[in-house]
Structures are given as structure tokens and as C-alpha cells.
Amino acid sequence: MSMPLPDIELEQIEVDLFVLALKRRHGFDFSQYAPASLTRRVRQLVQVHQCASITELTARLLHEADFVTQVVQGLSVPVSEMFRDPAVFRALREQVLPMLASYPRINVWQAGCANGQEVYSLAILLEEAGLYERSHIFATDFNPDALQRASEGIYPAKDAQLWSRNYLEAGGSHTLANYYSARYDFIRLHERLRRHITFTNHNLVTDRMFCEAHLVLCRNVLIYFSNPLQNRTLALFRDSLVRGGYLCLGLRESLDFAPVAVDFSAVDAGMRLYRRTLQLTSETCDAPA
């Protein structure tokens, strides 16, 4: 008679079946997300939706057509703030935007844009640098609910004080209040900031190159990916960038030890700012597509 599986092994089987069901039933592939982070979020879904087990959660995912929306929202991490890590935005303002000014048109790809706070931060940077009229920001995420909130540009007023401090620490030349209107308990970013932003769905796990970009930002997303998925995503960013284009990652992320590192030089390693080299390495050129 076989011994029963330890609880941790049983849970892993349940998580694997949940991930398989999500991919085959709805087309969302979480198989290469960091296992510890994914398991933690699946447990949270079980609690939030009052399921007895992960198996029950999987059954609902398979048989309730609209349940996938709530699942995807729970698995994604739409958490951010305007001018998050102000020193990074100051570095973008001082070290990257002056170089981008030489281009007649500037494409920016904000991958994993969550609820849009960093997208509007970028729009403000570009406007204050006098570059916004010839720029376009492509803001992408796989979470449709987050994209909807991002496109509306409406946020709790309680966050405005922190964001105002961030803005000033990032080298802001005015006050953040110049860029929003307040009503009741909410603020709404001005329409002029949205006029050169396209919010659209894109899945870094399964989708291909999105656009030809002069600047790609993807901050605090890769930390949730497994190493192979991180490498795939970084290669996607490299291939999306024009020669000499810029990549900005989160402070807990890095190009160190990634295969694409040979195709970048550090602009400010501490701020995780990199520039794609003008020439690819021979190894990269010989690699299969």
C-alpha cells in the first residue's frame, strides 16, 4: 500500500493542474512564473473566493465562464505609484531623455503597466522635457481590468501626497497638482497626458515583439518570472529596441547573468538603466530566431 503524499507535494500537484486548466481552458500561461510567488497567489485566491481547496478553485475555473477574469486579476500584480523610486525617474530625466531628444519620433513601451501610474509619470517627464508632442507611449498589460483603470487615469486622492513628494524628488519642475484635478476622494490625470498613450493588451509570456521602441520600461515584473521566462522577456525587449535604445528595469531586477547582457551597456547600473549597443555580438547574430 502506497504512502499518502506529503501536503506540500499534494499542493504542488493541485497548483500544476490549476495552471494547466488556466492555459488550456482560457489561454493564460503562468507555467513559467516563479513557483513560490505563484503558489502564494493561488492560495490567496482560494481564501478570497472561499474555496475548500485549490482543486475546487480549478473546478470553478473550468466550469464558470466568467470566473477567469477574477482569477487573472488575482494572479497579476497591479501595484505601483507615480514616480515610484524617484531616483530612477530623475536618472531617466537627466541621462536618457536628452539622448532621445535627437530622434524625430520617440516610441516608449511600458510593459506590465498595471494601473498606469508609471505611464503617466513618463508622460509628465516627456512633457517637461519638451518631447511629448513627438512621443508615443505604448502601455501594455495582460490584465484587462488593470488596463481599463489605467486608461481612465482616476486614482484615490489619499495617494496624491506621496506621489507629489516622489515627483519633486524625481526633479519635477512644477507641482504634481498641475497635472490632475481633484473631486471628492479621487484625482483624475489631465486629458492632455493621455493623448499620446495607447493602452493595449499584451502578454509577455506568449506574445511577440510589440513595437520598435526607443525606450522600454518594465519595472518589478521580471521578479515574478522564472529564469527561462526572464531570459525570453529580456530578449523580446532587446529585439524591440532600436540600436542605441534604452531599457529600464526594476531595482530588484538586473541584466546580470542574462544571455542578452552582451547586447547592452550600463548607463546607470544602480538605477537599472541600460542601453542597447549599436552592434550585436556575433553569438547573438548567429542565434536562431
Side-chain angles (χ1 to χ4, degrees), residues 41 44-45 48-49 66-93 97 106-202 215 217-221 248 250-251:
R41 294 194 172 275
Q44 291 173 349
L45 282 171
V48 168
H49 296 288
D66 296 333
F67 189 54
V68 65
T69 300
Q70 299 174 64
V71 167
V72 169
Q73 290 173 9
L75 291 177
S76 63
V77 192
V79 178
S80 191
E81 61 191 44
M82 292 196 73
F83 296 96
R84 182 180 185 179
D85 303 319
V88 173
F89 283 90
R90 181 180 284 274
L92 286 168
R93 184 192 298 272
L97 295 193
I106 303 167
N107 286 336
V108 179
W109 179 16
Q110 169 77 65
C113 71
N115 292 333
Q117 293 94 329
E118 291 194 1
V119 179
Y120 293 111
S121 303
L122 284 170
I124 291 171
L125 281 189
L126 289 163
E127 180 160 295
E128 293 188 353
L131 301 176
Y132 195 44
E133 288 305 315
R134 51 189 166 110
S135 299
H136 199 99
I137 303 174
F138 297 93
T140 66
D141 204 282
F142 76 93
N143 184 332
D145 186 67
L147 283 171
Q148 179 61 38
R149 290 197 293 270
S151 66
E152 293 169 352
I154 299 173
Y155 304 103
K158 63 180 177 62
D159 296 327
Q161 186 174 4
L162 170 62
W163 296 354
S164 294
R165 290 199 303 269
N166 287 351
Y167 165 76
L168 292 174
E169 290 177 21
S173 55
H174 305 291
T175 66
L176 189 62
N178 289 358
Y179 297 102
Y180 67 80
S181 56
R183 188 176 183 184
Y184 303 114
D185 295 327
F186 295 93
I187 62 172
R188 180 166 189 164
L189 278 301
H190 288 167
E191 183 66 33
R192 72 179 190 272
L193 294 178
R194 296 197 292 274
R195 69 188 186 277
H196 294 309
I197 302 174
T198 298
F199 292 98
T200 191
N201 192 283
H202 182 274
L215 170 62
L217 291 97
C218 185
R219 304 183 65 234
N220 307 305
V221 174
C248 181
L251 292 181

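Since the model is a prediction, treat every value here as computed from it, not as a measurement.
- L126 CG to R93 CZ: the interatomic distance, rounded to the nearest 0.5 Å, is 10.0 Å.
- Listed by chain and residue number, R192 satisfy the side-chain hydrogen bond (donor to acceptor under 3.5 Å, both in side chains) test with E127 (two or more places apart in sequence, or in another chain).
- A donor-acceptor pair is defined here as one N or O able to donate and one able to accept, closer than 3.5 Å; no such pair exists between the side chain of N115 and the backbone of A150.
- The line from CG of L176 to CG of N166 is 9.0 Å long, rounded to the nearest 0.5 Å.
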Please report the C-alpha distance between L189 and M82 in whole Å, then the side-chain angles of each, then the deciding distance to 0.1 Å, and finally whether the side-chain contact (heavy atoms from CB on, under 4.5 Å) criterion is met. CA-CA 11 Å; L189 278 301; M82 292 196 73; 4.3 Å; yes
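- The line from CG of L75 to CD of Q70 is 12.0 Å long, rounded to the nearest 0.5 Å.
- Atom CG of L125 sits about 11.5 Å away from atom OH of Y132, to the nearest 0.5 Å.
- In terms of heavy atoms, R219 sits closest to R84 at NH1-O, 3.3 Å.
- Residues I187 and A160 come closest through the heavy atom pair CD1-CB, 4.3 Å.
- For F67 and H49, the ring centers sit closer than 6.0 Å to each other.
- The distance from atom CG of L122 to atom CD1 of I137, rounded to the nearest 0.5 Å, is 5.0 Å.
- At least one side-chain heavy atom of N201 sits less than 4.5 Å from a side-chain heavy atom of L147.
- Scanning all heavy atoms of the two residues, the minimum distance from E81 to E118 falls at O-CG, 3.8 Å.
- Shown here for I197 and A123, the closest heavy-atom pair between the two residues is CD1-CB, 4.4 Å.
- In this structure I154 satisfies the side chain to side chain contact (heavy atoms under 4.5 Å, CB included) test together with E152, F186, R188, sequence neighbours excluded.
- In this structure, T198 OG1 and F138 CZ are separated by 5.5 Å, a value rounded to the nearest 0.5 Å.
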Criterion side-chain contact (heavy atoms from CB on, under 4.5 Å) on Y155 and Y180, from CA distance to verdict: CA-CA 10 Å; Y155 304 103; Y180 67 80; over 6 Å; no
Please test H196 against S135 for side-chain contact (heavy atoms from CB on, under 4.5 Å), starting from the C-alpha separation and ending with a verdict. CA-CA 7 Å; H196 294 309; S135 299; 5.8 Å; no
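- Shortest non-hydrogen contact noted between D141 and C113 is OD2-N, 3.4 Å.
- Open room surrounds CD on Q161; 12 or fewer heavy atoms of other groups in view lie less than 6.0 Å from it.
- If you run ring-ring contact (aromatic ring centres under 6.0 Å, His included) between F89 and each of F83, Y167, Y120, only F83 comes through.
- Here the shortest heavy-atom pairing between C248 and V88 reads SG-CG1, 3.7 Å.
- Applying the side-chain hydrogen bond (donor to acceptor under 3.5 Å, both in side chains) test to E191 and every residue at least two apart in sequence or in another chain returns R194.
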